[in-house]
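As structure tokens, the structure follows; a few thoughts come after it.
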Amino acid sequence: MKILIVNGPNLNLLGQREPGIYGQSSFSDYLQQLRARYPQVEIDYYQSNIEGELIDKLQQEGFLAQPVADGIVLNAGAYTHTSIALHDCIRSLKSPVVEVHISNVHQREEFRHHSYLSAVCQGVICGFGLDSYRLAIEAIERLSSAPSL
């Protein structure tokens, strides 16, 4: 199984940016922990601060008739609340996408309460810190092992 984790803008600053909200661990440190915890899963990682680059990567991994990624974990950061382009991209993917957020966006500013992505994602996980990514990986594993109806 191959899962792609995609992080959007400012998530390259994890461990440094607003540690009271996002924690003190860098994503590269956490990624090592995820890979150790799920040796049966090939976990690829991509981060960009640029919306078009995120779309290019999602299409590259999840659009083909036989997608490269069996599932995608997406933390689009602030693009979650602004990007119709990401919405349209996710809608066209063949790989399931799980939207994640480190913080509980519903406990934060009003503008963070709306996601343009949730409606086209398989599910949403938020508010569990970096553990949100682990929960998303487990959800994708369950999706792939569920019997087809």
Can you check whether [Y]'s main-chain N or O pairs, donor with acceptor, with [X]'s side chain at less than 3.5 Å?
| X | Y | value |
| --- | --- | --- |
| S48 | L54 | no |
| R134 | L34 | no |
| N75 | N7 | no |
| Y30 | L130 | yes |
| S95 | A69 | yes |

- Task: Not counting sequence neighbours, list each pair that qualifies as a ring pair (Phe, Tyr, Trp, His ring centres under 6.0 Å) and has a residue in residues 116-136.
- Result: F27-Y133, H114-Y116
- Residue pairs fulfilling salt bridge (Lys or Arg N to Asp or Glu O under 4.0 Å) with at least one residue in residues 36-47, sequence neighbours excluded: K2-D44
- Transitive ILVMFWY side-chain link V105 to I102, under 4.5 Å: no
- Query: Are L14 and L31 co-members of a hydrophobic cluster defined by side-chain heavy atoms under 4.5 Å apart?
  - Reply: yes
- Query: Going through the distances and angles, do T80 and E99 end up as a side-chain hydrogen bond (donor to acceptor under 3.5 Å, both in side chains)?
  - Reply: CA-CA 9 Å; T80 301; E99 177 185 342; 4.5 Å; no
- Item | Partner of I72 under side chain to side chain contact (heavy atoms under 4.5 Å, CB included), chosen from I5, V98, I90, V97 | V97
- Task: Under the salt bridge (charged side-chain N to carboxylate O under 4.0 Å, His left out) rule, collect the residues that match up with D56, sequence neighbours excluded.
- Result: none
